[in-house]
Amino acid sequence: MSKIDIVLGTFFGDEGKGKIIDYLATKSDVTVRCSGGNNAGHTIKANGKKYAFHLAPSGILSEGTLAVIGNGVVIDPRVLIEELEVLKNDGYSIENLKISDKANVIMPYHIEMDKMLEAAREPGKKIGTTARGIGPCYCDKYERSAIRMEDLIGDTFEEKVRTNVANKNKIFGAYGWQPVDADKIIAEYKPLGEYLKDYVCDTINLLHDCLANDKSMLCEGAQATLLDIDFGSYPFVTSSSPTVGGVCTGTGLSAHDIGEVYGVLKAYSSRVGEGPYITEQDNEIGDTIRELGHEYGATTKRPRRCGWLDAVALNYAVKVNGITGLAINHVDTIGKLPKFKICVAYDYNGEITTNYSTNAKFQEQCKPIYEEFEGDFDISGATTFDELPEKAKVYLNRIEELTGVPIKFIGVGASREELIVR
Ligand code: IMP
């Protein structure tokens, strides 16, 4: 019986999970997405071409690998089909795609609701969502009015759309927002269901059968720990559980089925959207990091806020997720600075603590305590840990010491291949 290995983000997303996922996906019989939707994005290079995926699991590019979209994912069928069409046009078979019948469908009114609610929030209270309808879709899930993939491809679709549209239009009306048209939605979405129906199945039993047949399995996380609906900096979070628990609830696999949990981080940190960020460098240092690391959103192109690595927050991610191995990207980028820092503790009103909290008052009032490291090193071309310059080793060893977790992957350059595997 095999186990499922997991790759997840330790901070606010955009840690470079795709690079680690790509490496592990080529060795996996099954790759699974378990949460989030097309608010996530990562690029994969195959046969000299770049593919930007927001929904399709990485394994879709390998014919022998099952690519599964689990029940915890919210699917915008228009976006998924667009991705599949690009692949089909390039000669890829997409027969290895399996979509959970229980995954929820993002409908046009979710996107409108997302935009409307964000527009209605006062300055300072805006979440900075990706406007992809993610939050409103999960709202319907928990309110139990969602349209699932099994509805989209079945005969319950029309009635559910009409009921939902009638309810949503009352809310749109109250906000003075343009209503949506049920007939138009049904006419557009029915063919989308037709397109996807052959890929929809009971992925829960499928995944358990894969484990029983000793298939190697990888769950590719989206977003990250500090964006988690429970464990993140609420309300400046996404609406799903991108932490380890979300793997169980988003796939139907049990806690006993989990193998390695790889936590991905950058040698610095970044955040898109609003919300507290203790080690943010809203200054020249942050600007330099942004330019050196090309920190602009893959999905929304927004410039990312940048700052130092926060080992206190990292340890929180280690605790919440049971991380067994770290993967650190952009070590080459940080080495371009003459000196750089890691936050090792906080001063919370005179009390020194290494316990992270997402409590708003705590986030506002604590001050980071830093350790400084020597930069100005070049690690390009290094293929093993031993080949790294001493200054990089000192830094990486310190991260292991601070977290008690081994570093298994080290990103030494922008391309996918520039990765040291330990
Ligand atoms: P939503 O997920 O679109 O509702 O956005 C909620 C918050 O999560 C916003 O601050 C987004 O910028 C952030 N967010 C969502 N997905 C990602 C991601 O993949 N990377 C980084 N930030 C994300």
Side-chain angles (χ1 to χ4, degrees), residues 7-21 33-44 52-58 72-76 79 104 106-107 109-121 123-142 220-243 246 250 263-266 268-277 280 290 293-307 313 317 329-330 358 360 363:
V7 174
L8 41 82
T10 51
F11 285 88
F12 298 107
D14 310 310
E15 294 92 351
K17 293 181 289 295
K19 186 164 179 160
I20 314 304
I21 289 166
R33 274 277 314 261
C34 67
S35 66
N38 60 312
N39 47 349
H42 82 271
T43 325
I44 298 189
F53 290 154
H54 299 284
L55 277 166
S58 308
V73 177
V74 287
I75 301 175
D76 185 328
V79 174
N104 286 211
I106 296 182
M107 303 296 292
Y109 47 78
H110 292 136
I111 299 170
E112 286 308 307
M113 192 71 75
D114 200 353
K115 290 181 191 160
M116 181 191 83
L117 293 173
E118 187 71 343
R121 287 181 191 112
K125 297 218 163 118
K126 292 192 188 294
I127 294 169
T129 75
T130 58
R132 305 293 200 262
I134 308 293
C137 186
Y138 278 114
C139 272
D140 280 3
K141 172 173 178 168
Y142 290 103
E220 36 184 294
Q223 287 84 43
T225 306
L226 299 182
L227 290 177
D228 185 280
I229 187 77
D230 286 285
F231 306 118
S233 57
Y234 192 90
F236 304 101
V237 292
T238 192
S239 301
S240 62
S241 302
T243 42
V264 188
L265 63 142
K266 287 189 281 212
Y268 50 86
S269 58
S270 71
R271 174 163 207 172
V272 198
E274 306 302 318
Y277 177 5
E280 179 171 20
R290 183 178 312 109
H294 311 292
E295 293 295 344
Y296 294 88
T299 300
T300 57
K301 312 280 180 254
R302 287 182 285 182
R304 296 177 184 145
R305 299 155 67 191
C306 292
N329 283 314
H330 283 285
T358 55
Q363 295 262 332

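It should be emphasised that the depicted structure is a prediction, and the values quoted were computed from it without experimental measurement. Indexing begins at 1, ligand by ligand and atom by atom, following the structure's order.
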Heavy-atom nearest neighbour of [atom] within options [options]:
{"atom": "atom 11 (C) of ligand 1", "options": "G273, G128, G37", "answer": "G128"}
{"atom": "atom 10 (O) of ligand 1", "options": "L226, I127, T238, T130", "answer": "I127"}
{"atom": "atom 16 (N) of ligand 1", "options": "H54, E15, H42, Q223", "answer": "Q223"}
{"atom": "atom 23 (C) of ligand 1", "options": "V237, L227, N39", "answer": "L227"}

Does the residue A40 have a heavy-atom contact with ligand 1, meaning some pair of atoms that are separated by less than 4.0 Å?
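Yes, that is the case, since the closest heavy atom of the residue is under 4.0 Å from the ligand.
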Is F12 in contact with ligand 1, taking contact as a heavy-atom separation below 4.0 Å?
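Under 4.0 Å: yes for F12.
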Side chains of E220 and S58 only: does a donor on one sit below 3.5 Å from an acceptor on the other?
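Yes, because at least one side-chain N or O of E220 sits under 3.5 Å from a partner of the opposite role on S58.
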With side chains defined as the heavy atoms from C-beta onward, is the minimum distance between [X] and [Y] less than 4.5 Å?
{"X": "F12", "Y": "S233", "result": "yes"}
{"X": "I229", "Y": "S241", "result": "yes"}
{"X": "D140", "Y": "H110", "result": "yes"}

SB check K266 E295 (cutoff 4.0 Å):
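Yes, K266 and E295 are salt-bridged.
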Which pair of heavy atoms, one from L226 and one from F231, lies closest together, and at what distance?
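Between these two residues, the closest heavy atoms are CD2-O, 4.4 Å.
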Atoms in ligand 1 with a heavy atom of D14 nearer than 4.0 Å:
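So the atoms of ligand 1 that pass are 20 (N), 21 (C).
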Going by the atom numbers of ligand 1, which of them fall below 4.0 Å from some non-hydrogen atom of V272?
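By the 4.0 Å cutoff, the relevant atoms are 10 (O), 12 (O).
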Has ligand 1 got any nitrogen or oxygen that is less than 3.5 angstrom from a nitrogen or oxygen of R302?
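Checking ligand 1 against R302, an N or O pair does fall under 3.5 Å apart.
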Please work out which of the three classes, parallel, tilted or perpendicular, describes the rings of F53 and H42, given edges at 30° and 60°.
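Answer is perpendicular, since the angle exceeds 60°.
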